[in-house]
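Below is one structure, written out as structure tokens; comments come after it.
Throughout, protein chains are lettered first and strands after them, A, B, ... in sequence-line order, and every chain is numbered starting at 1.
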Protein chains: 2
Amino acid sequence: MFSKATEYALRATIFLAQKSSEEKKIGIEEIALAIDSPRPFTAKILQQLTRDNKVVSSARGPQGGFFIPVKVKKLPVHVVLEAMNEDEILEKCVMGLKLCSETRPCPLHAQYKTIKNQLITLFTTKTIQQLADEIQDGVVFIRNKKS
Amino acid sequence: MFSKATEYALRATIFLAQKSSEEKKIGIEEIALAIDSPRPFTAKILQQLTRDNKVVSSARGPQGGFFIPVKVKKLPVHVVLEAMNEDEILEKCVMGLKLCSETRPCPLHAQYKTIKNQLITLFTTKTIQQLADEIQDGVVFIRNKKS
DNA sequence: CTAATTAAAGACAAATTTATCCTTAATTAT
DNA sequence: ATAATTAAGGATAAATTTGTCTTTAATTAG
């Protein structure tokens with residue numbers, strides 16, 4: 001569904017939301033290890049998420065690293081998709097028709113629409129914080145490895 | 001969601017299901033024009049759909065072209081995804097976790113699961129014929145251009 | 001102030017997807 | 001048989017995505 005870049009972005013964001021804070025920043029090494037993603041590529045992605053501090057914030061130097069401000073944790077996960085320029089995926093026609101719409105629907109439009117709406121609702125109502133909390137509670141996982 | 005190749009495959013399949021038959025084959029030129037896709041790339045995709053006559057059938061020479069046998073029209077659209085090797089998209093974890101499952105769910109698993117199930121149901125219950133019929137009825141469209 | 005640490009930025013490389021083109025093979029009509 | 005038509009197949013190219021590496025800039029600790 002999403003690109004690898006966006007998958008990594010979602011994992012990194014939720015991981016940071018759970019583990020980091022303004023006082024406890026986390027380095028790229030630890031992040032890439034935790035979410036099992038290629039280190040340099042993940043760095044690029046975090047850089048993108050850091051643009052204008054839109055999703056992630058960062059600080060250089062010793063004790064530096066990445067973190068997610070409390071204010072951002074309260075935002076819907078959808079902001080990650082926006083920052084990665086992949087929020088359109090949730091909107092577009094399954095068959096790739098440019099003109100697909102209510103008045104000119106593709107053959108799958110009517111049924112896909114309701115599914116699409118649930119997807120959009122999911123990403124716009126669940127906050128980053130809410131997802132991170134579940135990891136804290138131990139009911140879900142973000143690591144991609146056995147350990 | 002799907003690759004361009006699969007989007008073209010879905011459009012071409014439904015177009016052929018509506019317009020073609022064993023007696024009335026359709027050439028690549030007409031197909032690419034109808035679904036507004038790059039001609040040579042579409043040829044490659046049809047070639048793939050033709051492997052083992054799994055979805056599309058073809059005949060060379062004058063009056064040759066592509067068509068979909070009646071038997072295939074009764075199959076679910078899912079067969080197109082399978083032929084394009086993209087049926088996994090419906091199954092995989094939204095966050096890209098290899099180990100995501102009921103017993104080791106990602107933070108979005110529980111909610112995404114129900115959406116995923118609807119997607120799978122849609123593609124496994126709707127037949128190629130059913131979607132083509134709607135075009136015939138004029139309630140939906142497959143062409144990607146104004147005309 | 002200096003050295004160490006860490007992210008930012010940009011150039012580069014590999015892999016995959018998308019797309020084109022040319023030759024070959026099969027079929028049909030004459 | 002021959003010529004015309006059409007898909008099959010393979011080589012190639014362009015674009016995008018994924019990934020790496022090296023240098024620079026900022027910050028902090030000593």
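- Distance Ile45(A) CD1 to dT18(D) C1': 9 Å, rounded to the nearest Å.
- Here Thr50(A) does not reach the OP1 or OP2 of dA7(C): none of its side-chain N or O atoms lies under 4.0 Å away.
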Contact string for nucleotides 19-30 of chain C, one letter per nucleotide 5' to 3', B = base within protein heavy-atom range under 4.0 Å, S = sugar-phosphate only, - = neither, reads BB----BBBB--

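- Separating the CE atom of Met84(B) from the C1' atom of dT18(C) is a distance of 11 Å, rounded to the nearest angstrom.
- Sorted by first and then second residue, the pairs that involve residues 67-80 of chain B and meet side-chain hydrogen bond (donor to acceptor under 3.5 Å, both in side chains), not counting sequence neighbours, are His78(B)-Glu82(B).
- Within the structure, the side-chain hydrogen bond (donor to acceptor under 3.5 Å, both in side chains) test picks out the following pairs touching residues 83-97 of chain B (sequence neighbours left out): Glu7(A)-Lys92(B), Ser3(B)-Glu86(B), Thr6(B)-Glu86(B).
- Nucleic acid contact for Ile31(A): none, since no nucleic acid atom lies under 4.0 Å from a heavy atom of the residue.
- At distances below 3.5 Å, not a single donor-acceptor pair connects side-chain atoms of Arg39(B) with backbone N or O atoms of Ile28(B).
- Computed from coordinates, the Glu23(A) CD to dT28(D) P distance equals 14 Å when rounded to whole Å.
- In this structure, Glu86(A) and Glu29(B) both approach DNA chain D, and ranking their closest nucleotides by distance from the 5' end singles out Glu29(B).
- With sequence neighbours excluded, no residue forms a side chain to side chain donor-acceptor pair (under 3.5 Å) with Ser20(A).
- Across the protein-nucleic acid pair, Glu30(B) atom CD and dT6(D) atom P stand 11 Å apart, rounded to whole Å.
- When rounded to the nearest whole Å, the span between CZ of Arg51(A) and C1' of dA7(C) equals 12 Å.
- Gln48(A) places its CD atom 16 Å from the C1' atom of dA7(C), with the value rounded to the nearest Å.
- For the pair Ser58(A) and dA8(C), the criterion of a side-chain N or O lying under 4.0 Å from OP1 or OP2 is met.
- If you check every strand for non-hydrogen atoms under 4.0 Å, Leu46(A) touches nothing.
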Ser58(A) vs Thr50(A), side-chain hydrogen bond (donor to acceptor under 3.5 Å, both in side chains): CA-CA, chis, key distance, verdict | CA-CA 7 Å; Ser58(A) 66; Thr50(A) 307; 4.6 Å; no

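- Atom CZ in Phe67(B) sits roughly 13 Å away from atom C1' in dA7(D) (whole-Å rounding).
- Here Pro69(B) pairs with Ser57(B), Phe67(B), Val72(B) under the side-chain contact (heavy atoms from CB on, under 4.5 Å) rule; sequence neighbours left out.
- With sequence neighbours left out, Ala12(B) forms a side-chain contact (heavy atoms from CB on, under 4.5 Å) with Ile31(B), Ile35(B), Leu46(B).
- Rounded to whole angstrom, the span from the NZ atom of Lys25(A) across to the P atom of dA8(C) amounts to 12 Å.
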